[in-house]
Novice: 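Could you have a look at this structure, given as structure tokens, before my questions?
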Amino acid sequence: MKKFFIVIILVLSLVSFSKVFVEDGKVVFTFNEALDAKVVYLAGTFNNWSPNTLAMEKVDGVWRVSLELEPGTYQYKYVIEGKNWKEDSEAPGYVDDGFGGKNGIFTLVDKDGTLVVLEEKVEKPALRINENFDPELMFVDEEGYVVIRFKYDGQADYVTIAGSFNNWDAQDIECYEIDDGLWEAVLELDEGQYQYKFVVNGSEWVVDKNAPAFVDDGFGGENGYFEVFKKDGKLMVGLQGK
């Protein structure tokens with residue numbers, strides 16, 4: 001997916017606030033998801049994105065690994081059991097991974113002889129707002145799942161949904177036909193920004209006309225775009241501030 005123009009602002013990060021921090025001269029990565037996994041690996045620009053060479057250790061119920069790194073800017077992701085790539089939901093910052101998802105990113109600097117992690121803040125991609133968005137076709141249900149309903153007028157034997165939430169895997173998440181030509185996807189998502197498309201019959205990638213907004217997909221078309229956020233303590237889906 002297209003790498004959008006970003007504005008990066010470096011600000012000092014108190015190490016106690018970040019899940020990536022410096023301890024005893026080493027950069028420590030901690031990951032508190034996939035706790036039932038047999039193994040989680042760390043992959044990034046520091047090891048040529050190898051998915052199975054930097055195994056993390058579970059310490060007090062949290063995956064953890066320490067690396068000796070020189071000052072510089074680094075990107076990374078976690079790899080669950082060597083195959084499922086997962087972005088860090090608590091990374092110091094994010095950058096487009098080139099496939100519609102995000103890599104964690106941080107800059108390590110030497111400040112008066114002490115290594116310090118800097119946060120990197122990234123702006124949203126340029127959005128084309130959908131003024132005709134129908135919230136009855138995209139909502140959060142009573143159990144906290146994001147529900148997206150997709151109207152398709154053609155012949156569909158089966159429909160899946162793919163996006164930045166599953167590394168654009170066209171076979172991973174099936175939709176269910178709940179009415180004639182109306183397909184439903186149910187997603188368990190954290191707060192964040194997401195891009196997506198529907199895939200009809202395993203090969204036809206289709207933009208959801210009811211997406212809250214659209215972004216350039218880097219191939220002359222568009223991806224649907226939405227945000228998951230909390231408002232008054234309640235999980236919402238759509239565009240924050242709209």
Novice: Can you check side-chain contact (heavy atoms from CB on, under 4.5 Å) on Val22 and Val116, steps first, answer last?
Specialist: CA-CA 7 Å; Val22 176; Val116 177; 6.0 Å; no

Novice: Might you work through the side-chain hydrogen bond (donor to acceptor under 3.5 Å, both in side chains) test for Glu23 and Ser66, ending with a clear yes or no?
Specialist: CA-CA 9 Å; Glu23 183 178 84; Ser66 301; 5.5 Å; no

Novice: For the residue pair Thr30 and Phe21, establish whether any side-chain heavy-atom pair is separated by less than 4.5 Å.
Specialist: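 Touching, per the 4.5 Å side-chain cut-off.
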
Novice: Side-chain contact test, heavy atoms from C-beta onward, threshold under 4.5 Å: evaluate it for Leu108 versus Val117 and give yes or no.
Specialist: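 They are in contact (side-chain heavy atoms under 4.5 Å apart), so the answer is yes.
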
Novice: Within the structure provided, determine whether Val79 and Val40 are in side-chain contact (heavy-atom separation under 4.5 Å).
Specialist: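 A side-chain contact under 4.5 Å is absent here.
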
Novice: Side chain of Asn32, backbone of Val62: donor and acceptor closer than 3.5 Å?
Specialist: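 Side chain of Asn32 to backbone of Val62, a donor-acceptor pair under 3.5 Å: no, none is there.
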
Novice: Taking all atoms of both residues into account, what is the closest heavy-atom pair of Leu42 and Tyr76, and its distance?
Specialist: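 Residues Leu42 and Tyr76, closest heavy atoms: CD1-CD1, 3.8 Å.
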
Novice: Between Thr45 and Gln75, is there a donor-acceptor pair closer than 3.5 Å when you use the side chain of the first and the backbone of the second?
Specialist: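 Between the backbone of Gln75 and the side chain of Thr45 there is a qualifying donor-acceptor contact (under 3.5 Å).
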
Novice: Might you point out which heavy atoms bring Trp168 and Ala162 nearest each other, and give the distance in Å?
Specialist: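 So the minimum-distance heavy-atom pair works out to CZ3-O, 3.6 Å.
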
Novice: Identify, with sequence neighbours excluded, every residue that meets side-chain contact (heavy atoms from CB on, under 4.5 Å) alongside Lys230.
Specialist: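 For Lys230 the side-chain contact (heavy atoms from CB on, under 4.5 Å) partners, ignoring immediate neighbours, are Glu191, Leu235.
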
Novice: Within a strict 4.5 Å, meaning less than it, do heavy atoms of the Asn130 and Pro212 side chains meet?
Specialist: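 Result no, sub-4.5 Å side-chain heavy-atom pair not found.
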
Novice: Step by step, would you call Tyr194 with Val228 a side-chain contact (heavy atoms from CB on, under 4.5 Å)?
Specialist: CA-CA 8 Å; Tyr194 298 96; Val228 178; 3.8 Å; yes

Novice: Does the side chain of Leu115 reach to within under 4.5 Å of the side chain of Pro71, using non-hydrogen atoms?
Specialist: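 Sidechains of Pro71 and Leu115: in contact.
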
Novice: Which atom names give the shortest non-hydrogen contact between Val207 and Gly224, and what distance separates them?
Specialist: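 Here Val207 and Gly224 meet closest at CG1-N, 4.3 Å.
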
Novice: Applying salt bridge (Lys or Arg N to Asp or Glu O under 4.0 Å), which residue pairs with at least one partner in residues 200-213 are found, sequence neighbours left out?
Specialist: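 Not a single pair qualifies under salt bridge (Lys or Arg N to Asp or Glu O under 4.0 Å).
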
Novice: Without swapping roles, check the side chain of Asp216 against the backbone of Gly218 for a donor-acceptor pair under 3.5 Å.
Specialist: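 A pair under 3.5 Å: yes.
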
Novice: With a 4.5 Å heavy-atom cut-off, do Asn210 and Asn132 have their side chains touching?
Specialist: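 Result no, sub-4.5 Å side-chain heavy-atom pair not found.
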
Novice: Under 3.5 Å, which donor-acceptor pairs do the side chains of residues 173-190 form with other protein atoms, sequence neighbours left out?
Specialist:
unit_1 : atom_1 : unit_2 : atom_2 : d
Glu177 : OE2    : Gly181 : N      : 3.0
Glu184 : OE1    : Arg149 : NE     : 2.7
Glu184 : OE1    : Arg149 : NH2    : 3.0

Novice: Looking just at side-chain N and O atoms, do Gln171 and Thr160 make a donor-acceptor pair shorter than 3.5 Å?
Specialist: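 The answer is no; no qualifying pair exists.
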
Novice: Group every Ile, Leu, Val, Met, Phe, Trp and Tyr by side-chain heavy-atom contacts under 4.5 Å, then state whether Leu69 and Tyr78 land in the same group.
Specialist: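 Hydrophobic grouping puts Leu69 with Tyr78.
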
Novice: Check this for me: Lys58, atom NZ, are more than 12 non-hydrogen atoms of other residues, nucleotides or ligands nearer than 6.0 Å?
Specialist: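 Counting neighbours around NZ of Lys58, more than 12 heavy atoms of other residues, nucleotides or ligands fall under 6.0 Å, so yes.
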
Novice: Quick one, Val200 and Phe150 - any side-chain contact, counting heavy atoms below 4.5 Å?
Specialist: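 Yes. Closest side-chain heavy atoms under 4.5 Å.
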
Novice: Could you give the distance from NZ (Lys151) to CG (Asp153), rounded to the nearest 0.5 Å?
Specialist: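 It comes to 9.0 Å.
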
Novice: To the nearest 0.5 Å, how far apart are CG in Asp88 and CZ in Phe31?
Specialist: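 Output value for this atom pair is 7.0 Å.
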
Novice: For the atom pair CZ (Arg128) and OH (Tyr225), what is the distance rounded to the nearest 0.5 Å?
Specialist: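 Output value for this atom pair is 14.5 Å.
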
Novice: State the CD1-CH2 distance between Ile80 and Trp85, to the nearest 0.5 angstrom.
Specialist: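 Result: 11.5 Å between the selected atoms.
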
Novice: What distance separates Ile105 CD1 from Thr73 OG1, expressed to the nearest 0.5 Å?
Specialist: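 The OG1 atom of Thr73 is 6.0 Å from CD1 of Ile105, to the nearest 0.5 Å.
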
Novice: Quick one: does any side-chain atom of Lys197 pair with a main-chain N or O of Glu222 as donor and acceptor, under 3.5 Å?
Specialist: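 Between the backbone of Glu222 and the side chain of Lys197 there is a qualifying donor-acceptor contact (under 3.5 Å).
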
Novice: Could you check whether any side-chain heavy atom of Val109 comes within less than 4.5 Å of a side-chain heavy atom of Leu118, counting everything from C-beta outward?
Specialist: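 Yes, close enough: below the 4.5 Å cut-off.
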
Novice: Please check if any side-chain donor atom of Asn103 sits under 3.5 Å from a side-chain acceptor atom of Tyr94, or the reverse.
Specialist: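 There is no such pair between these side chains.
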
Novice: Using side-chain contact (heavy atoms from CB on, under 4.5 Å), reason through Ile148 and Val237 one step at a time and then give a plain yes or no.
Specialist: CA-CA 10 Å; Ile148 304 177; Val237 63; over 6 Å; no

Novice: Is there a path of hydrophobic side-chain contacts, each under 4.5 Å between heavy atoms, that joins Tyr152 and Val159?
Specialist: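 Tyr152 clusters together with Val159.
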
Novice: Determine whether the aromatic ring centres of Phe226 and Tyr196 lie less than 6.0 Å apart.
Specialist: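 That pair passes the under 6.0 Å test.
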
Novice: I need the full list of salt bridge (Lys or Arg N to Asp or Glu O under 4.0 Å) pairs touching residues 66-83, with sequence neighbours left out, sorted by first then second residue.
Specialist: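 For residues 66-83, and leaving out neighbouring residues, the salt bridge (Lys or Arg N to Asp or Glu O under 4.0 Å) pairs sorted by first residue read Lys77-Asp97.
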
Novice: Examine distances only and state if a side-chain atom of Asp172 and a backbone atom of Asp169 form a donor-acceptor pair shorter than 3.5 Å.
Specialist: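 No, the answer is negative, given that no donor and acceptor are paired below the 3.5 Å cut-off.
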
Novice: Tell me whether the count of non-hydrogen atoms from other residues, nucleotides or ligands lying under 6.0 Å of OH in Tyr145 goes above 12.
Specialist: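 It does not: Tyr145 OH has 12 such atoms or fewer within range.
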
Novice: Heavy atoms only: give me the nearest Thr53-Asn47 pair and the separation to one decimal.
Specialist: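 Closest heavy-atom pair between Thr53 and Asn47: OG1-ND2, 3.3 Å.
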
Novice: For the pair Glu87 and Lys102, find out whether any cationic side-chain nitrogen is under 4.0 Å from an anionic carboxylate oxygen.
Specialist: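 Answer for the salt bridge query: yes.
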
Novice: Can you pull the ring-ring contact (aromatic ring centres under 6.0 Å, His included) pairs that have at least one residue in residues 36-71, sequence neighbours excluded?
Specialist: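 Passing the test, one end in residues 36-71: Phe29-Phe46.
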
Novice: Report yes or no: do Met138 and Val140 belong to one cluster of Ile/Leu/Val/Met/Phe/Trp/Tyr joined by side chain heavy-atom distances under 4.5 Å?
Specialist: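 Hydrophobic grouping puts Met138 with Val140.
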
Novice: Check for a donor-acceptor pair, side chain of Asn201 on one end and backbone N or O of Ala156 on the other, with a separation under 3.5 Å.
Specialist: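 No, because the side chain of Asn201 does not come within donor-acceptor range (under 3.5 Å) of the backbone of Ala156.
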
Novice: Are any side-chain N or O atoms of Gln195 and backbone N or O atoms of Gly163, one a donor and one an acceptor, separated by less than 3.5 Å?
Specialist: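 No, because the side chain of Gln195 does not come within donor-acceptor range (under 3.5 Å) of the backbone of Gly163.
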
Novice: Residues two or more places apart in sequence or in another chain: which of them pass ring-ring contact (aromatic ring centres under 6.0 Å, His included) with Tyr74?
Specialist: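 With neighbours one apart ignored, the set is Phe106.
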
Novice: Check the surroundings of atom CG in Asn48: do more than 12 heavy atoms from other residues, nucleotides or ligands lie under 6.0 Å from it?
Specialist: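 No, the 6.0 Å shell around CG holds no more than 12 heavy atoms from other groups.
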
Novice: Quick one: pull up CD in Gln193 and CD in Gln240 and give me the separation to the nearest 0.5 Å.
Specialist: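 Atom-to-atom, Gln193:CD and Gln240:CD are 9.5 Å apart.
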
